[in-house]
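Following: one structure in structure tokens, then a few remarks.
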Amino acid sequence: MPETIRIKVNGVAVDVPEHTNVAAAVTRAGHVHFRRSVTGQPRGPLCGMGICFECRVTIDGQPHRRSCQVLCRPGMEIQTDDA
Amino acid sequence: MSVPTCQVAVLGAGIVGAACARALAQADFQVVIIDPNPIGSGATAAGMGHILLIDDSPAQFALTQNSRQQWNDLAPELPDDCEFVKCGTLWLAADEDELDEVRRKEERFRAAGVAAEVLDTRQLAAAEPNLRAGLLGAFFIPDDRVIYPPCAARWMIEEAQRHGTQLRTGVSAIEVTGKEVRLSDGSRISVEFTVHATGCGTAKMLPGVPIRPRKGHLIITDRYPGFVRHALLELGYIKKAHGTDTDSVSCVVHPRRTGQVLVGSSRQFDAESKDVDPRMLARVVARATEFLPGLTRLSGIRAWTGFRAATPDGLPLIGPYPELPGLYLATGHEGHGITTSLGTAELIVDHLTGRTPRLPLEPYLPARFSGVPAHA
Amino acid sequence: MTPERQFDVLVVGAGPAGLAAACCAAESGRRVGVVDDNPDLGGQIWRGERVHPHHKEAGAWLQRVRTASLDFLPGMQVIGQNGPGRLLAETADGACELRFERLILAPGARERFLPFPGWTLPGVLGAGGLQAMVKGGLPIEGRRVVVAGSGPLLLAVAAYLRTRGAKASLIAEQAAWSALLPFGLALLRTQPDKTRQALALRWALRGVPYRTDCWPMRADGDGKLASVTLTNGRRTWSVPCDYLACGFGLVPNLELPLLMGCDVRAGFVAVDEMQQTSVNGVYGAGEVTGIGGLDKSLTEGQIAGYAATGQPAKARRLVAARKRSQRFAATLNTAFALRDELRHVAAPDTLVCRCEDVSYDRVRRHESWRAAKLQTRCGMGPCQGRVCGAATEFLFGWPTTSVRPPIYPTALANFLESPANPASLA
Ligand SMILES: Cc1cc2nc3c(=O)[nH]c(=O)nc-3n(C[C@H](O)[C@H](O)[C@H](O)COP(=O)(O)OP(=O)(O)OC[C@H]3O[C@@H](n4cnc5c(N)ncnc54)[C@H](O)[C@@H]3O)c2cc1C
Ligand SMILES: Cc1cc2nc3c(=O)[nH]c(=O)nc-3n(C[C@H](O)[C@H](O)[C@H](O)COP(=O)(O)OP(=O)(O)OC[C@H]3O[C@@H](n4cnc5c(N)ncnc54)[C@H](O)[C@@H]3O)c2cc1C
Ligand code: FES
């Protein structure tokens, strides 16, 4: 049984396996829209490797974090733009 | 081969050249603009785009008032991408000396009949919650604005083009000889007048013109709407902008319409490289952070440098170039050329038409430096 | 105060090139550090290998890394330069200065994304992008995936996704069959082990159609991807899917080399026989010197590692192998050259710049990348043109070799706390 980590996405608790990054966790929590673009379009991850900035979310109060580059840590609070 | 004829050649498609071309074209001159680079890609691309009143000398105050009025009159016409925002300016007073300066400013503005207000500590904190506590107050100028200069330059050139102006990018002027301009592609244009709006480039073509490049560092953040609401300047800025030759930094922070925060800036003579100097950038950020501690958490996405065309007395060079009839200068705007581009254009039309000027011509005449060697 | 670290040899990038360089450099007994922005080593191809082993060759190298004496600095992104011999890096805990005598740049490559209507819909990812997301924990089992774009990466990704339970319905390769055939034959003749790998891949992908001369025209869906429309130039058809994994080859990560002043020739970092760049003491290895795959990265990395630590004889022994891998790379790049039709898939209102939402129509009116940037804000957002720059390079032939610091966005505090600026708070 792999260890799981409890985090919150838009206020809702989600359990994810260890080594899961925040982008994958947001998807696991059922969200397709990560951010709203500057003209309000919904966006989600594109590159998976930290270069496109499409997967940005707010992590522990810090906006504009690239979710694909951050590993989940217990207690993390994540917010998408549609929250 | 016959040499094409044009009444006026404007050298430089920065904000100053663009404004001159537009004003000349509207005054029915036949104009060609020449620039080796894309429109607005010199100092105009680097500048912060604050349209502001500067009252450090009567001539600068007159020129910035005239220019700001023209900008504000243009507001309804400017396209959206110019990001023209009426945010107003707050000059921040950190100590008693600076508070005295606020009072002096108030008198000068009142005498000139220009809207402005003094804010005390509490009012300032309410106006800008992210400023550090303990600032003594501020001088608030409500009608100052910020703009995105490269698009403004492009729009002015489009306006000029509607009045028949030709734009030639990709070639530079190599030599101006009386009635002819020689270009880098080997061609020539026969002209009645030439307007040198080449910013820092002027001194390269016309040695003896007292212009020294003065480097500045800026950094822009990601979008944080509302982090600052006004264009913020520390009152120490004026001393540093016109002080000595030594390197200086002052806190200048703008809200962009995008929600980005633009942070400046430094002043350095004799720094030739365009590269960002990490030490200078650190000083710029450190200074701004002293006023806005929360800046440290914002994400900076791009830093760059630019060169201001500085003259010995801080005023631009506008008017005939004494050594060559037909050649006019519109250059040397140091850190205020976005603002004063429109007043400059008006003065250039005054010179070329001989009409009655609204502004005095003398304070800006290049001839005020005749005989003065460059870099005196 | 910002911590600082001092190394004889610093390697940027812990992909195959960087790891090979670090291992070889460490043989000299010098103090070697490897910095990478990912939480673990492996780079793109060996991402997640330590947790879920997948590649055979990776195991051997990772073993060698474990036994070598080197400092691995994961989760640290190099963002700028503090002066000669000094890089500025960002970690979760703030800035850090990395000092070095010799530097090996092995920052690898990223995918090239090209705009087509609907490419901004959530559910449209890069090919390597979707793979990386799955390695990061994205559930893919039972999901319908169309893999499209160009290059051998499409096959690797489709095979990987399949092992994780995805339903790969189609692989759409834009290159022409007639261009791939000579490549296949050359492979067979000169690189029997590569042929074996290719056959093994094909076996893993049995039942999944591999269409050449085939590319995406548009993606549709209401707020998220529902289907992709493909074409072969004559006929178009739609395929329903949950994910479109789509990348058009790779482009090198040139930002750091450019910032350091390294010469770039024909789109790649120029290096000499010993992998040294135009900047003395700075070496380049792997995808930044030319897109060429694993063998090229490993070989160049080893040469750079030896050369940077005064072991030229060992480096020279690898020159022939490098030549072979470079020849392979050249045939590969010819075979998978992008077709002209891809320049015309975007509609006028298709966004080219996804950070600033700038349309194709607005961008194409300008004569250069610089003019487009200044006038439209294209490339001025947080990705700093990494996505749209590579696209416009292909679409309009605009070289994009300018770079401004920081090479990745970073908190303003990280400019402050640099130890290079003890007077910064004065
Ligand atoms: C850091 C910084 C911050 C600033 N902030 C502000 C501000 O907030 N508000 C404000 O009002 N001003 C500001 N400024 C000043 C302002 O940016 C400049 O004064 C203004 O852009 C000058 O415009 P210009 O057209 O004279 O020069 P430029 O924009 O430099 O244009 C000159 C043009 O001439 C061209 N050229 C050069 N040589 C030749 C040749 N031989 N032939 C043809 N063309 C040639 C160049 O290619 C260039 O495009 C700032 C400047 C800096 C550097
Ligand atoms: C998304 C993607 C997926 C791929 N998947 C496969 C595959 O499945 N199979 C296959 O055969 N080939 C794959 N490739 C191709 C593969 O990358 C090459 O064949 C080769 O392995 C590249 O090795 P490298 O060491 O040159 O670069 P990389 O493996 O790309 O390593 C470079 C490393 O440097 C790091 N880095 C870059 N800049 C910085 C910085 N400023 N600070 C800190 N770290 C930095 C990167 O994050 C990366 O970890 C993939 C490529 C990409 C882009
Ligand atoms: S998906 Fe591109 S940065 Fe995260």
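Just the heavy atoms: all of them, side chains too, but no hydrogens, waters or symmetry mates, feed the values below. Throughout, protein chains are lettered first and strands after them, A, B, ... in sequence-line order, and every chain is numbered starting at 1.
Heavy atoms of C/Gln44 lying under 4.5 Å from chain A belong exclusively to its side chain. Neither the backbone nor the side chain of C/Leu121 comes within less than 4.5 Å of any heavy atom of chain A. Both the backbone and the side chain of C/Pro382 come within less than 4.5 Å of a heavy atom of chain A. Only the side chain of C/Gln77 comes within less than 4.5 Å of a heavy atom of chain A; its backbone N, CA, C and O stay farther away. In this structure, the portion of A/Glu54 lying under 4.5 Å from any heavy atom of chain C is its side chain and not its backbone.
When each of A/Leu71, A/Val16, A/Thr39, A/Thr27 is scored by its heavy-atom pairs under 4.5 Å with chain C, the top score falls to A/Thr39. Of the listed residues (C/Gly136, C/Gly381, C/Gly137), the one with the most heavy-atom contacts under 4.5 Å to chain A is C/Gly136.
Salt bridge C/Arg110/C/Glu255: present, at least one basic N to carboxylate O contact under 4.0 Å. Comment: A/Lys8 does not engage A/Asp60 in a salt bridge, judged by the lack of any side-chain N to carboxylate O separation of less than 4.0 angstrom.
A/Asn10 and A/Thr80 are linked by a side-chain donor-acceptor pair at a separation below 3.5 angstrom, with hydrogens and angles left out of the test.
Side-chain contact between A/Gln69 and A/Val22 is absent, with no heavy atoms from C-beta onward closer than 4.5 Å. Contact of the C/Leu259 side chain with the C/Pro405 side chain is registered, since non-hydrogen atoms from C-beta on lie closer than 4.5 Å.
Atoms CG and CG, from C/Leu130 and C/Leu138 in turn, are 6.5 Å apart once rounded to the nearest 0.5 Å.
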